[in-house]
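Here's the structure we're looking at; comments come further down.
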There are 2 protein chains.
Amino acid sequence: MEKNTYFNIAAVERDTGVGKDTLRVWERRYGFPTPIRDVHGERLYSQMELEKLRLVQRLMNQGHRPGKLMALDMSALSLMLNVQDVSIENDAEIIAILKKHHTADLHRYLNNLLIEQGLARFVTESLANMNTQIGDAWMRGRLAIFEEHAYSEQVISLLRSAISQMGFEVVAPSVLLTTLPGEEHTLGGLMCEALLALNQVSCVNLGAQTPVVEINAAVRAHQADILCLSCSAAYPKNQLLQSLTELRNLLPESVHIWVGGQGVPRTKLPVGIKAIRAFTELAITLEAWRDK
Amino acid sequence: MEKNTYFNIAAVERDTGVGKDTLRVWERRYGFPTPIRDVHGERLYSQMELEKLRLVQRLMNQGHRPGKLMALDMSALSLMLNVQDVSIENDAEIIAILKKHHTADLHRYLNNLLIEQGLARFVTESLANMNTQIGDAWMRGRLAIFEEHAYSEQVISLLRSAISQMGFEVVAPSVLLTTLPGEEHTLGGLMCEALLALNQVSCVNLGAQTPVVEINAAVRAHQADILCLSCSAAYPKNQLLQSLTELRNLLPESVHIWVGGQGVPRTKLPVGIKAIRAFTELAITLEAWRDK
DNA sequence: TTTTATTTTTGTCCTAGACAAATGTTGACA
DNA sequence: TGTCAACATTTGTCTAGGACAAAAATAAAA
């Protein structure tokens, strides 16, 4: 479809997530995108420019910087997305299933895995694995956003119903679970909740994006022993460290702070913050807490 | 006493849905809001200004024009909304329960309601009601963010497990459910999914924030008959309308588009878009679709 | 190697002007 | 009295560059 449709700057912001100010300053500095203008001098972006913007976005997520990317053309960009890609031929099984767009099949597949392996193994092995594969496929542009959404929703739904069906006697500690502002991904937290539930721990899950002062208030109101934060790779490292030190200062020392996810930096974590670097560590850390 | 917290212009845009350009031009023209400035001359909006902005927004949704509203003070504005009648003195029961910060109690309360009333009544009456009460309490600062989060999470969890436990024979139509970029609230969509499930409709739920072009691709991939969008009051009206017209152009006419939630404007919906103005309308609209 | 200081890059804010799209008002005419 | 066109006002969003802090990269020191 060789449609000559053009998009105004607001539409481009909606579709790509790149702000208007940023689009204008990119044009000024890097000479891309260079939209044509309508009769009133307003920018009109072409379909092609939109596509290139999406490529740029994906590469920026991988750590590349806009200044370098803008100079390249589309073919160079898509080449960059696929270099060092060993697994380009054999997609993971989960990707193939997602590509069929058959929700019932997907549900059945995940459910079977869960039943077969049990919740603990399902979370620590299968899910952890699939998540990285899907993150990878998405970065390479081999998986559409909506396909990733479909996966997340299905997993979340599965975990939630598993957790709520799990009757258990609640024992200490009391755990409060959430993510920091700007972090929308709740899947990691939910996986954490599932693993904790297997250890008779009942979480207060606040979902995503709770402001720091609110987290403080929530921990105190719920008299939580442990605050558990999850944070994905894209989360700004600096912001994370600042929030963590602020939280550490606000909360009494008796409250432990655990932080997990791909976004946890290797070094320089403030004192009094415990990094959970793999889901298998969770049970161990919990045991350590119980042994005081 | 967090009265001394201020918000930068980006935070105000996120919270109220009023764009940065609009905020600046309102200040220039009407003298409201008049934020103080930080050391670098950047705007800092007070809590009060935020509250007044939210009132203004609600009244604008009712058809009032900004020029008139800005001149009025808060008491005059809330008088126009005639909201003070119910909730100012006697908090709703749900608010009281939330304030106790006892998750098990909250869960029990909601669960009892669900069992007692059945899913349909629970969603269309109790939940719809509680949601507005909580939205109200939040706007007035009578409910902390973390308390609202705790409520949402609990309800979402409850609905999800109800839906997943509901075995039913799937019949047409095929419905795809999501929210537009910038709209994070998935509760409305989930309520919708629950009601549809009661009518043997199985939804493909993509969760929150699917870009317009991705929605188009998803509808086609899943061969959905109906696209169902939900959108809360704070969502920018203009952005909604533009996204809707874009979607209407992208999708074939045979695909119906339904949009529900507090954010649906009273007037000027593009042709080919069906507004669902109350949850009770959903079953009726569905019936109408089946009768072709 | 790790830590600290310096430079470059990059996103977001600023002002103030312009103008079209939406809405309100007026007046002519049936 | 109601309808429709013409005109007036209101309102949101665009424009251009300039400015500057936060983030990232690089260099220097421990």
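All values reported here derive from a predicted model rather than from experimental measurement.
Straight-line distance from the CD atom of Gln62(B) to the P atom of dT23(C): 16 Å, rounded to whole Å. Between the CE atom of Met60(B) and the C1' atom of dT11(D) there is a distance of 9 Å, rounded to whole Å. As a whole-Å value, the separation of Leu44(A) CG from dT15(D) P is 9 Å. Spacing between atom CH2 of Trp26(B) and atom C1' of dT10(D) amounts to 13 Å, rounded to whole angstrom units. The separation between Arg37(A) atom CZ and dT15(D) atom P is 6 Å, rounded to whole Å. Rounded to whole Å, the distance from CG on Leu23(B) to C1' on dT15(C) is 16 Å. Nucleotide dT10(D) holds its P atom 17 Å from the NE2 atom of His64(B), rounded to whole Å. Going from atom CG of Asn8(B) over to atom P of dC20(D) covers 18 Å, rounded to whole Å.
Arg29(B) comes within contact range of at least one nucleobase, with a heavy-atom separation under 4.0 Å. Among the heavy atoms of the strands, none lies under 4.0 Å from Met70(A).
Looking at the side chain of Asp21(B), the nearest of the listed nucleotides dT13(D), dT10(C), dT15(C) is dT13(D). Each of dT13(D), dC13(C), dG11(C) was ranked by its minimum atom distance to the side chain of Thr22(A); first place goes to dG11(C).
Within the 4.5 Å cutoff, no side-chain heavy atoms of Ile226(B) are placed close to those of Ile257(B).
Side chain Arg28(B) to base dA16(C): a donor-acceptor pair is found below 3.5 Å. A donor and an acceptor atom never sit less than 3.5 Å apart when one is taken from the side chain of Arg24(A) and the other from the base of dG11(C).
When each of Arg65(A) and Glu27(A) is assigned the nucleotide of DNA chain D with its nearest heavy atom, Glu27(A) is the one assigned upstream, toward the 5' end. Nearest-nucleotide assignment on DNA chain D puts the 5′-proximal partner with Gly19(B), out of His40(B) and Gly19(B). Remark on DNA chain C: of its neighbouring residues Glu42(B) and Lys68(A), the 5'-side contact belongs to Lys68(A), judged by nearest-heavy-atom nucleotide. In terms of position along DNA chain C, the nucleotide closest to Tyr30(A) lies nearer the 5' end than the nucleotide closest to the other residue of the pair Tyr30(A) and Ile9(B).
Under the 6.0 Å distance and 45° angle rule, Arg58(A) does not count as a cation-pi partner of Trp138(A).
With no hydrogens or angles considered, a side-chain donor-acceptor pair links His185(A) and Glu183(A) at under 3.5 Å.
Using modelled atom types, no side-chain atom of Glu13(B) and backbone atom of Gly19(B) make a donor-acceptor pair closer than 3.5 Å. Using modelled atom types, no side-chain atom of Thr179(B) and backbone atom of Glu184(B) make a donor-acceptor pair closer than 3.5 Å.
Listed pair Lys20(B) / dT12(C) fails the phosphate criterion, with no side-chain N or O lying under 4.0 Å from OP1 or OP2.
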